[in-house]
Protein chains: 2
Amino acid sequence: METLPIGDFAARSGVAPSALRYYEREGLIRSTRTGGNQRRYLRSELRRVAFIKIAQQVGVSLEEIRDALAELPENRTPTKADWARLSAHWRRKLEERISIMERLRDQLTGCIGCGCLSLQRCSLINPADRLAARGSGPQMIINPPS
Amino acid sequence: METLPIGDFAARSGVAPSALRYYEREGLIRSTRTGGNQRRYLRSELRRVAFIKIAQQVGVSLEEIRDALAELPENRTPTKADWARLSAHWRRKLEERISIMERLRDQLTGCIGCGCLSLQRCSLINPADRLAARGSGPQMIINPPS
DNA sequence: CTGCAACTTGAAGTTCACTTCAACTCAAGG
DNA sequence: CCTTGAGTTGAAGTGAACTTCAAGTTGCAG
């Protein structure tokens with residue numbers, strides 16, 4: 001089957017070789033090796049990288065992305081249906097994020113009106129459903145409630 | 001004027017004392033000191049922290065937040081009007097993010113239909129307007145086009 | 001006035017998502 | 001065959017946004 005060396009794969013996916021090696025170490029993508037131990041990527045891996053990039057834009061951590069990708073079949077190249085199932089799942093996540101941000105927007109509008117921006121009164125800061133950041137380290141936008 | 005020690009301020013703002021000290025070092029908030037060098041916060045600083053938390057949820061870096069906060073008056077406690085101006089500005093940013101995510105959602109829906117998720121063809125991955133991640137380090141959601 | 005929780009500092013540690021580096025090996029065109 | 005660009009590894013570095021630690025100081029209740 002036709003495969004790509006890491007440089008070509010990086011060019012086609014728009015992800016640096018170093019990042020691809022990192023993804024592989026972290027179990028997000030796979031590659032086969034030549035006799036001389038060089039990576040060769042199946043074209044179908046491009047879809048994985050595409051998925052990773054989309055999920056990242058939605059603010060999902062690599063760990064979560066890995067877990068999601070783990071649902072794809074291991075023994076065969078994923079079909080359109082496999083991808084469609086995964087995509088549908090993430091579209092729902094994306095919609096959740098959108099509605100959270102819309103709520104944020106509406107409430108910010110309200111706060112502009114009243115000029116409050118008060119931690120005590122304003123639902124923007126302490127909404128019933130916690131969208132506050134949890135844990136340490138750099139925060140992804142609207143940390144997904146686990 | 002009535003002020004709060006760091007512990008109380010942390011409790012009221014929902015931000016850890018260590019984070020508050022960090023924000024101060026980074027020039028995002030201010031405090032006065034007691035004779036014994038302990039921090040005392042004005043209640044009006046709570047609004048700053050509220051603003052910081054909201055902006056972070058929208059995916060803005062502390063550096064950008066600091067720049068935004070720098071527009072508030074230094075010599076007096078910000079008025080409602082000061083805050084309203086700032087909030088209106090950030091509401092626009094928030095709306096931008098929302099529309100980007102909506103576009104993402106619509107295109108992902110399309111991709112589910114066609115099952116492509118192809119890097120080459122799919123506008124999700126390489127949209128004309130770069131919303132791809134730039135630079136290194138952990139990526140904020142939908143890195144704001146500078 | 002004492003005791004103890006709450007505070008102070010600077011320095012070092014943490015996590016994520018990578019990148020960079022050094023030293024080395026492989027693959028392919030001339 | 002030889003050169004050269006592309007690839008390999010592990011280890012260390014980066015930047016954001018904090019947290020943790022150690023060693024010492026302050027403020028207030030009793």
Side-chain angles (χ1 to χ4, degrees), chain A residues 3-29 31-41 49 52-67 69 132-144 146, chain B residues 3-29 31-41 49 52-67 69 132-144 146:
Chain A
T3 56
L4 300 165
I6 197 167
D8 294 6
F9 191 74
R12 290 205 176 279
S13 66
V15 171
S18 61
L20 293 172
R21 294 194 196 99
Y22 175 72
Y23 289 165
E24 190 172 332
R25 273 205 303 286
E26 296 295 309
L28 281 98
I29 58 173
S31 63
T32 54
R33 298 298 179 111
T34 63
N37 198 38
Q38 295 198 355
R39 285 175 182 82
R40 286 302 119 100
Y41 294 93
V49 176
I52 293 165
K53 291 179 84 182
I54 293 171
Q56 279 193 312
Q57 281 174 30
V58 180
V60 180
S61 69
L62 287 189
E63 193 180 354
E64 277 187 275
I65 297 171
R66 180 184 49 210
D67 294 348
L69 286 172
R134 316 153 308 180
S136 66
Q139 304 299 149
M140 282 296 171
I141 272 177
I142 297 157
N143 227 314
S146 52
Chain B
T3 56
L4 300 164
I6 197 165
D8 294 6
F9 191 73
R12 290 206 176 278
S13 66
V15 171
S18 60
L20 292 172
R21 294 192 196 100
Y22 175 73
Y23 289 165
E24 191 172 331
R25 273 203 305 285
E26 296 297 308
L28 280 98
I29 59 174
S31 64
T32 53
R33 299 297 179 114
T34 63
N37 198 37
Q38 295 198 356
R39 286 175 182 79
R40 286 301 119 102
Y41 294 93
V49 176
I52 291 165
K53 291 178 84 183
I54 293 171
Q56 279 192 312
Q57 281 173 31
V58 181
V60 181
S61 70
L62 287 188
E63 194 181 353
E64 277 187 276
I65 297 171
R66 179 185 49 209
D67 294 348
L69 286 172
R134 318 152 307 179
S136 66
Q139 304 300 151
M140 281 298 172
I141 272 179
I142 299 159
N143 226 316
S146 52

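What you are looking at is a predicted structure, and each value in this text was computed from that prediction instead of being measured. Proteins get letters first, then strands, A, B, ... in listed order; numbering begins at 1 in each.
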Output yes when at least one side-chain N/O atom of [X] is less than 4.0 Å from OP1 or OP2 of [N], else no.
X        : N       : value
Arg39(B) : dC7(C)  : no
Tyr23(A) : dA17(C) : no
Thr34(A) : dC26(C) : no

Worksheet item: Do the side chain of Lys53(A) and the main chain of Ser13(A) share a donor and acceptor less than 3.5 angstrom apart?
Response: yes
Item to complete: Go through the steps for Leu4(A) and Arg39(A) under the test side chain to side chain contact (heavy atoms under 4.5 Å, CB included), then give the verdict.
Response: CA-CA 8 Å; Leu4(A) 300 165; Arg39(A) 285 175 182 82; over 6 Å; no
Practice prompt. Run the numbers on Val49(A) and Arg12(A) for side chain to side chain contact (heavy atoms under 4.5 Å, CB included), then give the verdict.
Written response: CA-CA 10 Å; Val49(A) 176; Arg12(A) 290 205 176 279; over 6 Å; no
Item to complete: Could you pick out which residue, Arg25(A) or Asn37(A), lies toward the 5' side of DNA chain C when each is mapped onto its nearest nucleotide?
Response: Arg25(A)
So [X], base contact, sugar-phosphate only, or nothing? Heavy-atom distance under 4.0 Å.
X        : value
Pro5(A)  : sugar-phosphate
Arg33(A) : sugar-phosphate
Arg21(B) : base

Protein-nucleotide distance ([X], atom [atom1]; [N], atom [atom2]), rounded to Å:
X        : N       : atom1 : atom2 : result
Leu62(B) : dT19(D) : CG    : C1'   : 15 Å
Asp8(B)  : dC28(D) : CG    : C1'   : 13 Å
Glu24(A) : dG7(D)  : CD    : C1'   : 13 Å
Leu4(B)  : dA6(C)  : CG    : C1'   : 15 Å
Arg66(A) : dA17(C) : CZ    : C1'   : 13 Å
Asp67(B) : dA16(D) : CG    : P     : 13 Å
Leu20(A) : dA17(C) : CG    : C1'   : 13 Å
Tyr41(A) : dA6(D)  : OH    : P     : 16 Å

Worksheet item: Just how far is it from atom CG of Leu69(B) to atom OH of Tyr23(B), taken to the nearest 0.5 Å?
Response: 11.0 Å
What's the closest nucleotide to the side chain of [X] if the choices are [options]?
X        : options                   : result
Ser61(B) : dA17(C), dC18(D), dA17(D) : dA17(D)
Ile6(A)  : dA17(D), dG7(D), dT19(D)  : dG7(D)
Gln56(B) : dC18(D), dC18(C), dT26(D) : dC18(D)
Tyr22(B) : dC18(C), dA17(D), dT8(C)  : dA17(D)

Discussion item. Can you work out whether Ile52(B) or Gly35(B) has the more 5'-proximal nearest nucleotide on DNA chain D?
Written reply: Ile52(B)
Worksheet item: Is Glu63(A) atom CD crowded by more than 12 heavy atoms from other residues, nucleotides or ligands, each under 6.0 Å away?
Response: no
